[in-house]
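Order of the sequence lines sets the chain letters (A, B, ...), proteins ahead of strands, with each chain counted from 1. All values below were derived from every heavy atom in this structure, side-chain atoms included, with hydrogens, water molecules and symmetry-related copies excluded.
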Amino acid sequence: MRRFVKGNEAVAIGAIFAGCDAYFGYPITPASEIAHAVADHFPRLGKEFLQAECETGAINMIFGAAATGRLTMTASSGPGISLMQEGLSYMAGAQLPTVVVNIMRAGPGLGNIGPEQGDYAQAVKGGGHGNYHNIVLAPASVQEMCDLTMKAFELAFRYRNPAVVLADAFLGQMMEFLTLPEREAARPDTAAWAVQGDALTRGNMISSTNLQNDVQEAHNWDLQRKYASMDVEARAESYLVEDAEIVLTGYGTSARVARSAVDRLRGQGVRAGLFRPLTLFPFPVRELQEAGRSGRILVVELSNGQYRNDVLLHLDRGIPCQVELINRMGGNVMGVEDVMQKGMQMLEVGP
Amino acid sequence: MIKRATGFYDTFDRREKGTRATHYCPGCGHGIIHKLIAEAMAELGIQDRTVFVSPVGCAAFCFYYFDCGHIAGPHGRASALATGISRVLPDRVVISYQGDGDLGAIGFNNAFQAANRGDHFACFFVNNSLYAMTGGQMAPTTMLGQRTTTTPFGRDASKEGYPLLVCELLDRLQAPVYIERVSVADTKRINKARKAVRKALEIQKDGKGYAFVEFLSPCPTNWRMDPVAAARYTIEEMERTFPLGCFRDRSEQEAPSPNPVPQATIAELFGEGEGGEVAKVDPSFGERGFKFSGFGGQGVLSLGLVMARAAGHAGRFVSWLPSYGPEQRGGYASCSVVISGKEVGSPTVDRPDVLVAMSQPAAERYAGTVLPGGTVLYEASLPCPKVEEGVRLLAFPAMRIAAENGTPKAANTALLGAMSALGLHGLPEERVLEALDDSFSSKPHLVERNRKVYRAACDWARDNL
Ligand code: SF4
């Protein structure tokens with residue numbers, strides 16, 4: 001079944017098909033339509049929706065509900081997501097699954113409500129205190145807003161870890177046709193660790209504290225092993241990369257602009273390709289190396305090089321590859337022509 | 001023989017393996033309060049149903065004592081956790097245990113709002129007038145003149161304000177079922193406290209709502225007193241600022257029940273969905289970018305939506321991106337629509353193939369961005385906008401045609417008719433009409449009126465443009 005919906009509504013639909021039990025959130029543009037849809041849909045499906053008094057309250061309500069093994073989520077944008085970082089660190093420490101959707105807007109501070117990708121490092125590198133990672137998924141269409149929200153729940157529960165759906169204002173606000181998921185996801189079994197207020201789980205405990213250094217260190221090592229084991233979940237789209245002489249890369253709205261540029265460059269006889277990560281953590285390293293073999297990578301992003309830095313970090317140093325950046329900030333989006341021009345420049349100058 | 005306290009684990013391994021001693025200092029109120037809660041849990045037979053939320057502070061290790069399910073969250077947030085838990089486990093007993101810095105300062109809003117919502121949990125609030133675990137700093141409950149490590153000259157009302165009377169504040173709210181302040185400084189007081197704890201947990205057992213018990217509790221260590229002096233101080237000094245007593249007990253009343261919401265299945269919720277075929281790649285259909293712009297209220301966003309829907313039903317790839325937020329508030333409204341024979345890349349339209357302008361500012365803002373070979377279709381009553389060479393300028397009297405055909409507000413529909421007549425969208429007309437009709441599905445009387453405007457507009461455009 002198809003519906004013509006906003007990206008934000010697609011998130012709510014994905015959450016419903018994932019089996020989400022409870023949503024706690026606080027309004028913020030440009031993410032609010034997620035709460036609107038959830039507030040309308042969840043109570044009718046016997047699910048819980050509560051507008052919290054603040055984002056700190058929301059993430060801690062989630063902490064409580066997630067500790068019972070229920071499927072929980074929230075959505076917000078930069079300022080609200082920043083307020084949630086303490087809670088996310090605790091949840092990562094306590095190994096609790098949840099899904100946080102960030103409809104990124106321009107920052108820092110209040111910034112504005114235009115699309116930006118300046119929260120990349122916050123999401124991908126942890127964001128709160130301590131040695132932890134979120135699982136981070138990067139949708140680039142209304143369809144993926146739904147599908148990757150579902151996927152986020154699946155991964156969050158597989159790894160008992162917070163998962164972030166990192167989207168931007170355009171993806172939240174735009175409408176496209178969405179093919180609804182065919183069926184609801186299977187419910188994860190959480191009785192082994194969750195605290196459900198019953199005889200079965202009476203002995204369970206959720207906490208992120210260990211006063212003994214050695215125990216806390218061992219816990220840290222366990223977490224690092226868990227993050228490393230997530231590598232198998234890395235996903236990317238490689239579009240026309242095989243014969244490419246230049247590969248454009250971006251995620252979310254940037255990837256959409258890059259894709260238009262690739263198509264138009266191809267139309268002009270330039271062998272351009274696109275590498276688009278769907279998971280930002282774990283990072284699709286293998287697909288990136290394929291892109292690197294083109295010898296030229298043009299990073300397209302709506303932030304100050306945060307994503308470019310990860311491309312450089314993960315790119316195999318043995319592959320000779322020129323990496324350039326075209327970026328905008330503040331709620332502006334680069335034109336397709338600007339990207340094409342930058343790509344042409346790279347080809348003229350040569351590696 | 002001393003009766004062994006019930007409701008606890010057999011040993012408290014926090015301090016050392018196998019011991020039954022707590023980690024609290026001698027004379028500390030926490031141990032007594034723990035005992036009262038554990039006893040009540042055991043007596044009410046609710047250990048299998050209880051989820052206990054511990055704070056950050058001296059009581060951060062509640063989970064070493066109480067024999068029930070445990071969740072330990074961040075400093076100040078136990079009430080927020082309890083809210084979350086009670087919302088997904090409505091028939092369980094949820095307890096939050098918080099100190100005065102935790103609840104009264106950093107987490108006050110969460111505690112206060114939970115009380116105001118009447119969330120279903122028992123909040124046990126331990127008031128010992130300072131931050132104990134971090135080294136005796138001032139808390140919101142520090143009394144006037146009281147010396148702490150951060151008020152070495154005594155709390156000064158003109159500088160640090162007054163001690164926070166939490167029970168008195170919560171008593172201003174409608175929702176709480178039960179509010180009482182007790183003390184654990186002597187046997188007589190402990191007996192009252194025991195009753196209060198039991199009542200708060202009974203309210204949870206019966207699902208009645210929010211219960212709040214504040215304990216005046218000695219902290220000999222940070223008060224730098226021996227246990228006897230600390231107990232005396234609790235009675236003689238603290239009770240002057242924090243009078244004991246029951247502020248509210250509505251436990252005999254019925255709990256308010258929520259208004260019923262009509263229930264649905266997922267299938268019912270999402271209805272039949274949209275018609276038409278799933279988009280297929282069609283290289284023969286070139287990509288077109290459209291910009292619709294005007295004042296808010298002229299229907300430019302819905303005009304774009306009707307076209308986008310029609311494109312989707314016709315098996316084309318399509319995206320619709322509106323202006324949103326403050327941009328709308330300034331009176332501008334615009335949306336970008338991309339229709340394509342392949343997956344749509346950028347949903348933004350910086351250089352439209354077709355601009356539909358319904359207001360002068362919109363025309364001035366966007367006309368110059370239209371690609372050579374493109375078209376500007378603008379409301380004929382506006383001045384002619386400036387465009388690049390090779391751009392077709394079409395003045396179309398959308399408002400007049402809509403008015404003459406009986407629906408002055410349907411100027412946007414008139415523009416749709418003109419676009420069809422001029423072949424600007426490249427979509428089959430029956431899909432466009434279907435989408436137009438659909439857009440009035442909640443106002444069926446407007447369907448025929450809009451069709452009339454659409455037809456008149458088509459005719460006019462064919463004859464005159
Ligand atoms: S510091 Fe005070 S509150 Fe903390 S355990 Fe010791 S006496 Fe009790």
Are the side chain of A:E53 and the backbone of B:A114 linked by a donor-acceptor contact shorter than 3.5 Å? no

Checking heavy atoms, do the side chain of B:H313, its backbone, both or neither come under 4.5 Å from chain A? both

Interchain contact, B:D67 with chain A, by part (heavy-atom threshold 4.5 Å): both

Against chain B, work out which of A:V333, A:V262, A:I59, A:N60 has the most heavy-atom pairs shorter than 4.5 Å and name it. A:N60

Heavy-atom cut-off 4.5 Å, strictly under: side chain, backbone, both or neither for B:T348 against chain A? side chain

Give me the atom names and distance for the closest heavy-atom approach of A:L45 to B:T265. CD2-C, 3.7 Å

Part of B:V318 within contact of chain A (heavy atom distance under 4.5 Å): both

Measure across B:E277 and A:R2 and return the closest heavy-atom pair with its distance rounded to 0.1 Å. O-NH2, 3.1 Å

Check for a donor-acceptor pair, side chain of A:R256 on one end and backbone N or O of B:V344 on the other, with a separation under 3.5 Å. yes

With chain B, the option among A:I13, A:N112, A:L274, A:T201 that has the most non-hydrogen atom pairs under 4.5 Å is A:I13

Here the pair of heavy atoms bringing A:V336 nearest to B:S346 is CG2-CB, 4.0 Å

d(B:E287 CD, A:D263 CG) to nearest 0.5 Å is 7.5 Å

Closest non-hydrogen atoms of A:G64 and B:I85, given as atom of the first, atom of the second and distance, are O-CG1, 3.3 Å

May I ask you to decide whether B:E274 forms a salt bridge with A:R3, counting only side-chain N to carboxylate O separations under 4.0 Å? no

Contact part of A:F24 toward chain B, heavy-atom cut-off under 4.5 Å: side chain, backbone, both or neither? side chain

Under a 4.5 Å heavy-atom cutoff, which of B:A72, B:P74, B:G84 has the most pairs with chain A? B:P74

Per-residue tally against chain B (heavy atom, under 4.5 Å) across A:A199, A:A261, A:G57 peaks at A:A199

Bottom line for B:N110: the part with an atom under 4.5 Å from chain A's heavy atoms is both

So, for A:Q196 and B:V51, which heavy atoms are closest and what is the spacing to 0.1 Å? C-CG2, 4.4 Å

A:L50, part contacting chain B, at a heavy-atom distance under 4.5 Å: side chain

Indicate yes or no for a side-chain donor-acceptor contact from B:Q263 to the backbone of A:G46 under 3.5 Å, with no hydrogens or angles considered. yes

Once you measure the plane-to-plane angle for B:F270 and A:F17, does it fall in the parallel (<30°), tilted (30-60°) or perpendicular (>60°) bin? parallel

Ranking A:R44, A:R202, A:R259, A:M61 by heavy-atom pairs under 4.5 Å to chain B gives rank one to A:R202

Can you list the steps and then say if A:F4 with B:W320 is a side chain to side chain contact (heavy atoms under 4.5 Å, CB included)? CA-CA 10 Å; A:F4 186 55; B:W320 175 90; 4.1 Å; yes

Just give me the residue among B:G76, B:C335, B:S336, B:P262 that pairs up with chain A most often, heavy atom to heavy atom, under 4.5 Å. B:P262

Is it the backbone or the side chain of B:E268 that comes under 4.5 Å from a heavy atom of chain A, or both, or neither? neither

From CG (B:D48) to CG (A:L200), nearest 0.5 Å: 10.0 Å

B:S86 portion near chain A, given a 4.5 angstrom heavy-atom threshold: neither

Under 4.5 Å from any heavy atom of chain A, what part of B:V94 do you find: side chain, backbone, both or neither? neither

Portion of A:Q173 that has a non-hydrogen atom of chain B nearer than 4.5 angstrom: both

I'd like to know which of A:E48, A:E176, A:K6 tops the heavy-atom pair count under 4.5 Å against chain B. A:E48

Atom pair CZ (B:R87) and OG1 (A:T72), whose distance is rounded to the nearest 0.5 Å: 15.0 Å

Looking at B:T83, B:V278, B:V53, which has the largest count of heavy-atom pairs under 4.5 Å with chain A? B:V278

To the nearest 0.5 Å, atom CD of B:E343 lies from atom OG of A:S260 at 10.0 Å

The interface call for B:A60 against chain A, heavy-atom contacts under 4.5 Å, is neither

Quick test of your reading of the model: are A:D198 and B:R49 salt-bridged, counting only N-O distances below 4.0 Å? no

Closest approach of A:M175 and B:L305, non-hydrogen atoms and distance? SD-CD2, 3.3 Å

Between B:R92 and A:G197 (side chain of the first, backbone of the second, donor and acceptor by atom type, cut-off under 3.5 Å), is there such a pair? yes

Part of A:P181 lying under 4.5 Å from any heavy atom of chain B: neither

Answer with side chain, backbone, both or neither: which region of A:S141 has an atom nearer than 4.5 Å to a non-hydrogen atom of chain B? neither

Given heavy-atom pairs under 4.5 angstrom as the criterion, report whether the side chain, backbone, both or neither of A:A94 touches chain B. neither

Contact origin within A:L180 toward chain B - heavy atom pairs under 4.5 Å: side chain

Other residues, nucleotides and ligands only: do more than 12 of their heavy atoms fall within 6.0 Å of CZ on A:F177? yes

Which answer fits A:Y90, side chain, backbone, both or neither, if we ask what part of it has an atom under 4.5 Å from a heavy atom of chain B? side chain

Please flag which part of B:L89 lies under 4.5 Å from any non-hydrogen atom of chain A: side chain, backbone, both or neither. side chain

Out of curiosity, B:S54 OG to A:I206 CD1, how far, rounded to the nearest 0.5 Å? 11.5 Å

